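Please read all numbers here as calculations on a predicted model, not as lab measurements.
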Amino acid sequence: MFPLRRAVYSARCILPNVRYMSGQGPLVDLTVDNGGIATLTMQRPPVNSLNLDLLQQMSKALDDVGKNKARAMILTSSSPTVFSAGLDIMEMYKPDMQRVEQFWTTLQEVWIKLFGSKFITAAAINGHSPAGGCLLAMSCEYRAMVNGKYTIGLNETALGMVAPTWFMDTFRNTISDRESEIALTTAKLFTVDEALKVGLIDVTATDKADAVEKCKEFIKKFDRIPPFARATTKLVLREVPLKRLIENRKQDVETFLGFVKDPKTQQAIGMYVESLKKKAGQEK
Amino acid sequence: MFPLRRAVYSARCILPNVRYMSGQGPLVDLTVDNGGIATLTMQRPPVNSLNLDLLQQMSKALDDVGKNKARAMILTSSSPTVFSAGLDIMEMYKPDMQRVEQFWTTLQEVWIKLFGSKFITAAAINGHSPAGGCLLAMSCEYRAMVNGKYTIGLNETALGMVAPTWFMDTFRNTISDRESEIALTTAKLFTVDEALKVGLIDVTATDKADAVEKCKEFIKKFDRIPPFARATTKLVLREVPLKRLIENRKQDVETFLGFVKDPKTQQAIGMYVESLKKKAGQEK
Amino acid sequence: MFPLRRAVYSARCILPNVRYMSGQGPLVDLTVDNGGIATLTMQRPPVNSLNLDLLQQMSKALDDVGKNKARAMILTSSSPTVFSAGLDIMEMYKPDMQRVEQFWTTLQEVWIKLFGSKFITAAAINGHSPAGGCLLAMSCEYRAMVNGKYTIGLNETALGMVAPTWFMDTFRNTISDRESEIALTTAKLFTVDEALKVGLIDVTATDKADAVEKCKEFIKKFDRIPPFARATTKLVLREVPLKRLIENRKQDVETFLGFVKDPKTQQAIGMYVESLKKKAGQEK
């Protein structure tokens with residue numbers, strides 16, 4: 001059922017990682033500069049797969065941004081080629097049901113805090129950004145992407161998955177309904193040029209430093225805008241998708257658990273993981 | 001009340017046909033190729049006016065596509081110059097109320113099956129596609145239109161009619177709210193170039209065969225996408241307009257019956273039909 | 001809290017006017033030509049700040065358009081450089097609570113009548129059109145703007161204010177959600193070229209006469225469209241935002257009164273008004 005051939009590119013991205021790597025050091029880095037701009041860097045090698053640990057640390061970091069009275073946050077990655085490869089498939093493989101529930105709840109939490117943040121958000125997308133990686137970038141208010149052979153998009157259907165409604169809402173908050181339908185059903189991964197043309201990103205950058213710089217230029221636009229008015233305006237505009245998840249969190253968790261528990265899902269993920277292992281072996 | 005002068009072009013299109021032509025042979029043709037791609041051809045001469053019989057056969061054909069396990073369907077026309085001229089006005093003229101109710105219910109049914117299909121849909125628009133013809137094309141997931149002196153659009157207001165809410169929803173699912181308002185109120189029939197520019201169609205084609213070919217190229221994009229994930233994603237994205245009709249079918253029928261029963265409507269249609277007859281006579 | 005430096009350009013626009021100028025003559029001019037096209041001209045010097053009196057006269061004029069059986073209305077300004085500078089801040093400064101409630105209720109009324117009019121509406125934007133000025137223009141069905149050093153946009157956040165939900169709805173009825181979010185949060189005032197590119201206006205004009213002419217060309221598109229079908233189609237398409245305000249008028253008034261009563265608001269407006277007075281003094 002899983003489109004193995006199509007997953008070739010993803011092979012490196014969603015390489016099964018050993019769980020509980022958090023013992024090896026923090027998975028995120030949070031700094032705040034003198035101008036009140038925080039930088040949240042995802043640093044879970046090799047590809048910032050979003051597992052429970054990374055998500056928990058992101059969730060805490062998003063709280064810390066507010067506590068540090070930073071007025072803005074730039075989200076980026078420590079990897080030279082990947083922003084984030086999206087959800088860690090190992091969280092869904094032969095899962096401990098308690099952990100997988102916590103995993104999904106934390107993902108919801110991260111989205112609610114990021115998409116609904118009062119502080120300004122911008123993504124410096126310095127590499128591939130499929131699926132959950134794209135979700136994180138779209139949840140920000142601005143996207144600068146490094147011009148390279150990278151792609152971005154919600155490609156869940158290619159993996160036999162249906163993006164949750166709030167992933168879709170976030171996509172349609174960024175590009176048109178028509179473009180969203182064709183992209184989501186065809187699992188389209190946009191090149192940087194395509195993403196710019198359709199409005200999935202706002203600007204291209206020569207490298208990560210330039211992407212960060214362009215995010216700062218965006219943030220500068222708000223220098224003379226009273227923060228309360230800005231934040232309230234943003235939240236009113238994002239109210240419908242935000243409310244839709246907040247009011248349906250339990251049901252959304254149930255849907256995900258039902259998907260994960262399905263023996264067919266497990267069989268498909270199993271085949272997929274095996275193919276990744278084989279591929280990883282061949283590359284050694 | 002009816003804008004007779006503006007209706008000149010439509011004269012050939014909505015030529016009053018003798019009812020119950022179905023005795024003369026099937027009004028649709030359904031084939032399925034080896035690749036699992038069905039082709040549904042409307043063949044009610046001269047202009048595929050959507051009367052009860054054609055709609056009933058389309059409704060049945062849409063069921064058959066599913067039963068034949070076709071994974072995709074291309075909708076096209078046997079006419080050399082018209083995709084479909086839209087609703088057959090003769091169904092609304094001095095109507096038998098039982099039949100006209102069945103007519104509208106069947107139109108709803110066709111839209112629900114087409115707009116909400118689990119299989120992939122694409123329209124090879126090989127000619128004019130006003131009003132109901134445009135609705136059918138927009139209900140598909142992809143539109144390839146033959147580059148000629150053809151037009152497409154929801155021009156109901158020019159005929160003194162208000163497009164049902166679900167026609168409007170389908171339009172706004174395809175192009176922007178702003179473009180929709182100006183097009184729907186001005187009864188705009190887009191040239192092929194205009195339709196492409198605004199996103200009402202996805203691609204132009206040199207002729208019908210090329211349009212069909214381009215639909216097949218679109219369908220090919222799904223070769224490695226698990227069908228269940230694709231179909232579910234499509235249906236989640238189309239859920240709001242689909243639900244709106246499904247939950248309001250009775251009221252929508254009542255609204256239409258009220259419009260048809262109105263003596264002013266009958267008078268206007270009467271004048272219109274007379275003008276068409278006269279025009280048809282002059283052309284002999 | 002108020003961004004005083006940013007308000008430089010606004011200094012002339014929102015110059016505190018003596019209240020109750022209506023004694024000096026009518027604040028609007030309404031004419032109807034032989035073709036059934038009304039022209040509603042705002043004429044409250046110097047910048048058509050929307051105070052209670054101007055809004056009351058506009059509200060009455062909008063009723064009169066209907067009574068005069070005009071089929072269309074062009075909204076424009078008597079000022080050579082300003083369409084409308086938006087809400088008169090003096091209505092919010094040390095306000096009489098009864099009057100300020102009437103002020104907001106009348107603003108709601110004007111929007112409901114204009115955005116929800118059955119007659120055709122077009123704006124000949126012959127100058128700056130920030131905030132409430134932009135709202136009036138967007139509430140029309142068509143916008144021709146004089147090509148000059150003018151700007152248009154909802155810049156409320158720059159003044160520390162949150163645009164009411166119905167301002168935002170009107171904006172999103174005109175341009176995309178993505179463009180709306182970035183414009184509303186950054187208080188973007190679009191140049192004429194930018195406004196055209198993003199679809200905030202439909203066409204540019206060389207001067208006011210040309211803008212009016214272009215509005216007439218737009219109105220001409222409806223010459224053969226039965227008015228009832230056109231009006232009903234428009235109102236169905238605009239139903240969601242219209243209903244949202246109509247069903248929440250009281251709450252919307254309460255929100256505004258709460259904002260105005262807040263001592264912080266009064267302090268900020270006070271500082272702003274003082275800065276305008278100082279600037280006005282320096283210019284003498």
Side-chain angles (χ1 to χ4, degrees), chain A residues 1-10 131 153-173 175-189 197-199 240-241 244-245 248 251-252 255-256 258-259 262 264-265 267-269 271-272 275, chain B residues 71-72 115-123 137-144 168-180 195-203 214-215 217-243:
Chain A
M1 175 192 274
F2 268 78
L4 300 184
R5 279 163 301 176
R6 191 171 174 132
V8 168
Y9 130 78
S10 306
L154 291 186
N155 60 327
E156 276 76 359
T157 59
L159 306 173
M161 294 177 66
V162 177
T165 314
W166 41 291
F167 283 50
M168 297 190 194
D169 282 345
T170 311
F171 210 73
R172 296 210 272 190
N173 193 56
I175 69 172
S176 76
D177 287 3
R178 173 65 190 140
E179 297 280 2
S180 296
E181 183 181 285
I182 207 158
L184 287 170
T185 54
T186 63
K188 183 171 180 65
L189 287 168
K197 196 181 163 198
V198 83
V240 172
R244 199 174 309 171
L245 178 59
N248 291 291
Q251 194 192 312
D252 184 63
T255 302
F256 180 70
F259 169 76
D262 189 330
K264 282 180 198 163
T265 304
Q267 194 188 349
I269 297 182
M271 285 169 59
Y272 184 57
S275 79
Chain B
R71 62 195 185 95
F115 188 77
S117 84
K118 288 182 180 167
F119 50 81
I120 304 160
T121 52
M138 285 187 311
S139 302
C140 295
E141 293 162 56
Y142 188 76
R143 282 158 289 284
M168 296 190 194
D169 282 346
T170 311
F171 210 73
R172 296 210 271 190
N173 193 56
T174 314
I175 68 172
S176 76
D177 287 3
R178 173 65 191 139
E179 297 282 2
S180 296
L196 183 67
K197 196 180 164 199
V198 82
L200 194 52
I201 62 169
D202 296 294
V203 71
K214 276 169 176 158
C215 287
E217 280 167 30
F218 169 73
I219 292 164
K220 231 180 137 45
K221 285 178 192 272
F222 297 103
D223 278 1
R224 289 169 189 169
I225 309 280
F228 176 79
R230 192 204 68 79
T232 307
T233 298
K234 169 184 171 179
L235 292 184
V236 171
L237 287 169
R238 295 189 169 197
E239 190 183 18
V240 172
L242 266 175
K243 257 195 179 170

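At least one side-chain heavy atom of Glu181(A) sits less than 4.5 Å from a side-chain heavy atom of Asn173(B). Counting only heavy atoms from C-beta outward, the side chains of Leu237(B) and Leu184(A) approach each other to under 4.5 Å. Looking at Thr233(B) and Glu156(A), their side chains never come closer than 4.5 Å, going by heavy atoms from C-beta outward.
The existence of a salt bridge linking Arg172(B) and Asp177(A) is excluded, since no basic side-chain nitrogen approaches an acidic carboxylate oxygen closer than 4.0 Å.
In terms of heavy-atom proximity, Val236(B) sits nearest to Met168(A) at CG1-SD, 3.6 Å. In this structure, Gly160(A) and Pro226(B) approach most closely via the heavy-atom pair CA-CG, 3.5 Å.
With values rounded to the nearest 0.5 angstrom, Thr186(A) atom OG1 is found 10.5 Å from Arg230(B) atom CZ.
There is no contact between Asp223(B) and chain A, counting heavy-atom distances below 4.5 Å. Looking at Thr185(A), both its backbone and its side chain come within 4.5 Å of chain B, counting heavy atoms on both sides.
Considering only heavy-atom pairs separated by less than 4.5 Å from chain A, the leading option among Phe222(B), Tyr142(B), Phe218(B) is Phe222(B).
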